[in-house]
Amino acid sequence: MPSHITIPENHPRAESLRTRELLVSGFRRGLVAAEGLIAHGRGEAFDYLIGERTTDIARIAIRAAAALLLLSKRPVISVNGNMAALCPKEIVQLAESTGAGIEVNLFYRTNERERVIQKVLEAHGARNVLGVGPDASASIPELSSERRRVDPRGILVADTVFVPLEDGDRAEALVRMGKKVITVDLNPISRTAKASNVSIVDNVTRTMPALIESAVRLKNNKDLHTIYNNFDNASNIDGSLEIIRKGNLIADKKES
Ligand code: PTJ
């Protein structure tokens, strides 16, 4: 369904309004859960606090995430409704540039929504979307939400799982299973951000193109282990918190 308003190009908040429209349209097309709109509002509030830009600190995390994806033997990108609405093209591009699988994994799981998301990803070139319907026949231990259902060819056997906009329970459960977890979460104090090995505190709409670019640039880099091993998630999160605490105008000066 088309957007119900035309966003003027020169509107000072045009970018943010366009992102909202993507989610609202995703909701109307059956991709996004109603709760996904609320989750986005929380993200927007944190985005405001970090200055609605990809900070230098987030760029360090993006580079470490790209290195980890390239180092992994069986990386999988976990896709929920918000991600499918906001960056379907980038999900497919990231999978292609890192050799990752793509798996649909929903908190508010319905078979209909899984299939709509699968179709959108396929329309953007995805060839083998995992985790849809009976394919999600395996379970993540000790997890009671619908997110526990995973594809035995995908998240279950993955060594690294990329879980943007995730809930904390599953991030923690995946780490307990011995997997490396990468997330994108504008909230630096979420359980997901704290539990993950690499947490990118940024808006997925900005992170995804930067992550693809980083993966393409690092592809033949011999220092991937060093790049990933030098990354310290807790101190990177502290860096984002400092930006929020001090106000992003001061942090801007500090970063540049
Ligand atoms: O499609 P489903 O059924 O799997 O449901 C997806 C949502 C997002 C509704 C579900 O995973 C959920 O309820 O998530 P939470 O627990 O609200 O967490 C979402 C986190 O993502 C919050 O910490 C938000 O701050 C953050 N967030 C929201 N929008 C963005 C974001 N982080 C980065 N970029 C965004 N655009």
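Both ligands and their constituent atoms are indexed starting at 1 by order of listing.
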Between [X] and ligand 1, is there a nitrogen or oxygen pair with a distance under 3.5 Å?
X	value
L186	yes
R147	yes
D185	yes
L106	no
G81	yes
R109	no

[atom] [closest protein heavy-atom partner, distance rounded to 0.1 Å]:
atom	value
atom 5 (O) of ligand 1	Y108 CD1, 3.7 Å
atom 6 (C) of ligand 1	N80 ND2, 3.7 Å
atom 34 (N) of ligand 1	V204 N, 3.0 Å
atom 4 (O) of ligand 1	F107 N, 2.7 Å

Quick check on contacts: which atoms of ligand 1 are under 4.0 angstrom from a heavy atom of [X]?
X	result
G36	9 (C)
A39	8 (C), 17 (O), 24 (C), 28 (C), 29 (N)
R42	15 (P), 16 (O), 17 (O), 18 (O), 22 (C), 25 (O)

Close side-chain approach of L211 to F162, heavy-atom, < 4.5 Å: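 They are in side-chain contact.
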T54 side chain near T207 side chain, heavy-atom distance below 4.5 Å: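 A side-chain contact is absent here, since even the closest heavy-atom pair is not under 4.5 Å.
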Part of R113 within contact of ligand 1 (heavy atoms, under 4.0 Å):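 Contact part for R113 vs ligand 1: side chain (C-beta onward).
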I38: hydrophobic cluster co-members (side-chain, 4.5 Å): none
4.0 Å heavy-atom contact, D202 with ligand 1: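 Heavy atoms of D202 do come under 4.0 Å of ligand 1.
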Ligand 1 contacted by E166 (non-hydrogen, < 4.0 Å): yes
I want to confirm something. Looking only at heavy atoms, which of [options] is nearest to [atom]?
atom	options	result
atom 30 (C) of ligand 1	I200, L165, T110, L37	L165
atom 36 (N) of ligand 1	L22, T205, N203	N203
atom 27 (N) of ligand 1	G43, G41, A85	G43

Main-chain N/O of V32 paired with N82 side-chain donor or acceptor, under 3.5 Å: no
Test log, rule side-chain contact (heavy atoms from CB on, under 4.5 Å), inputs E103 and R153: CA-CA 10 Å; E103 179 163 340; R153 301 162 300 165; over 6 Å; no
Ionic contact status for E242 with R245, cut-off 4.0 Å: no
Matching residue for D47 among N203, N187, T19 - test: side-chain hydrogen bond (donor to acceptor under 3.5 Å, both in side chains):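 Going through the options one by one, the only one that passes is N203.
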Separation between CG of L174 and CG of L156, rounded to the nearest 0.5 Å: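 Separation between the atoms: 10.0 Å.
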Polar contact flag, side-chain donor to acceptor under 3.5 angstrom, T183-S196: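 Side-chain D/A pair, T183 to S196: absent.
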R170 and S78: side chain donor to acceptor below 3.5 Å: yes
Residues forming a side chain to side chain contact (heavy atoms under 4.5 Å, CB included) with L22, sequence neighbours excluded: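 For L22 the side chain to side chain contact (heavy atoms under 4.5 Å, CB included) partners, ignoring immediate neighbours, are L86.
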Y228 versus V198, closest heavy-atom pair with distance: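 Looks like CE1-CG2, 3.8 Å.
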